[in-house]
Amino acid sequence: MHDETTLKIIAALQENARLQWKDIGSRVHLTGQAVAERVRRLEDQGLIEGYSARINPAKLGLTVTALITVFMTNTRHSEFQAFLRHRPGIAEAHRISGEGCYWLKAVLASPEELNALLNELLPFGNYRVNLSIDKIR
């Protein structure tokens, strides 16, 4: 288990991964060097897997967000997972329990792009689509 200081460092990085070590240090009462060492340890442990930028899809013209549940009708799971890893427009893909086999989040430019994706899913199974009308969080 990680101590409270480490959890505060993680929270600061999740809020803004571009913060300087010294700025994080001032929040958690450590030197910048001590923060850097803790972060390196967290990276080595695999707890921090990487850093990324949050992009506003709408500013890139990607205005259709579809939440798709896939119901496999065959056993081609490996092929389907490979398709998901390489298909542009798939922002997230999860193998799930409960209703359905996979849950996908697709972020696309148009209803036509969504229709093309849905047609590509058909060889693997059936689907249910929900469209996002507002992102809350």
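Ring pair Tyr102/Phe80 is perpendicular by interplanar angle, where above 60° counts as perpendicular and below 30° as parallel.
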*After noting the C-alpha distance and the side-chain angles of Lys8 and Asp3, does the key distance pass the salt bridge (charged side-chain N to carboxylate O under 4.0 Å, His left out) rule?*
CA-CA 9 Å; Lys8 287 180 181 178; Asp3 66 14; over 6 Å; no
*Check step by step if side-chain contact (heavy atoms from CB on, under 4.5 Å) holds for Lys135 and Thr65.*
CA-CA 9 Å; Lys135 181 178 179 184; Thr65 300; over 6 Å; no
*Leu30 and Arg38: side-chain contact (heavy atoms from CB on, under 4.5 Å), yes or no, with the steps?*
CA-CA 10 Å; Leu30 292 175; Arg38 283 190 187 225; 3.7 Å; yes
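Taking all atoms of both residues into account, the shortest heavy-atom contact from Pro88 to His86 is CD-O, 3.2 Å. Listed here is the closest heavy atom pair of Pro123 and Asn74: O-ND2, 3.0 Å. In terms of heavy-atom proximity, Ile55 sits nearest to Pro57 at O-CD, 3.0 Å. Here the closest heavy-atom approach between residue Leu62 and residue Ala109 is recorded as CD2-N, 3.7 Å. In terms of heavy-atom proximity, Leu84 sits nearest to Ala93 at CD1-CB, 3.9 Å. What you find for Gly100 and Thr69 is that their closest heavy atoms are CA-CG2, 3.8 Å.
Within the 4.5 Å cutoff, the side chain of Val64 has heavy atoms near those of the Pro111 side chain. Residues Leu117 and Asn119 are not in side-chain contact: their nearest non-hydrogen atoms beyond the backbone lie 4.5 Å or more apart.
Under the 4.5 Å side-chain heavy-atom criterion for Ile, Leu, Val, Met, Phe, Trp and Tyr, Leu121 and Leu67 are members of distinct hydrophobic clusters. There is no path of hydrophobic side-chain contacts, each under 4.5 Å, that joins Val107 to Trp103. Follow the hydrophobic side-chain contacts under 4.5 Å out from Phe71 and you never reach Leu118; the two are in separate clusters. Following chains of ILVMFWY side-chain contacts shorter than 4.5 Å, one can reach Leu47 starting from Trp21, so the two form part of one hydrophobic cluster. Follow the hydrophobic side-chain contacts under 4.5 Å out from Ile68 and you reach Leu131 in the same cluster.
The environment of Gln33 atom CD is sparse: at most 12 non-hydrogen atoms of other residues, nucleotides or ligands sit within 6.0 angstrom. Within 6.0 Å of atom CD in Glu49, 12 or fewer heavy atoms from other residues, nucleotides or ligands are found, so the atom counts as exposed in its surroundings. Shown here is His94, whose NE2 atom has more than 12 heavy atoms of other residues, nucleotides or ligands within 6.0 Å.
Distance CD/Glu113 to CG/Asn115: 11.0 Å, rounded to 0.5 Å. Note: Thr63 OG1 to Leu108 CG = 9.0 Å, rounded to the nearest 0.5 Å. Here the CG atom belonging to Leu19 is positioned 12.0 Å from the CD atom belonging to Gln14, to the nearest 0.5 angstrom.
Salt-bridge formation is detected for the pair Glu37/Arg40: a Lys NZ or Arg NE/NH1/NH2 atom is positioned less than 4.0 Å from an Asp or Glu carboxylate oxygen.
Residues passing the ring-ring contact (aromatic ring centres under 6.0 Å, His included) test with Tyr127: none are found, sequence neighbours excluded.
Sorted by first and then second residue, the salt bridge (Lys or Arg N to Asp or Glu O under 4.0 Å) pairs involving residues 11-35 (not counting sequence neighbours) are Glu15-Arg27.
No side-chain N or O of Glu79 forms a donor-acceptor pair with one of His77 less than 3.5 Å apart. Residues Glu112 and Ser110 bring a donor and an acceptor atom of their side chains to less than 3.5 Å of each other.
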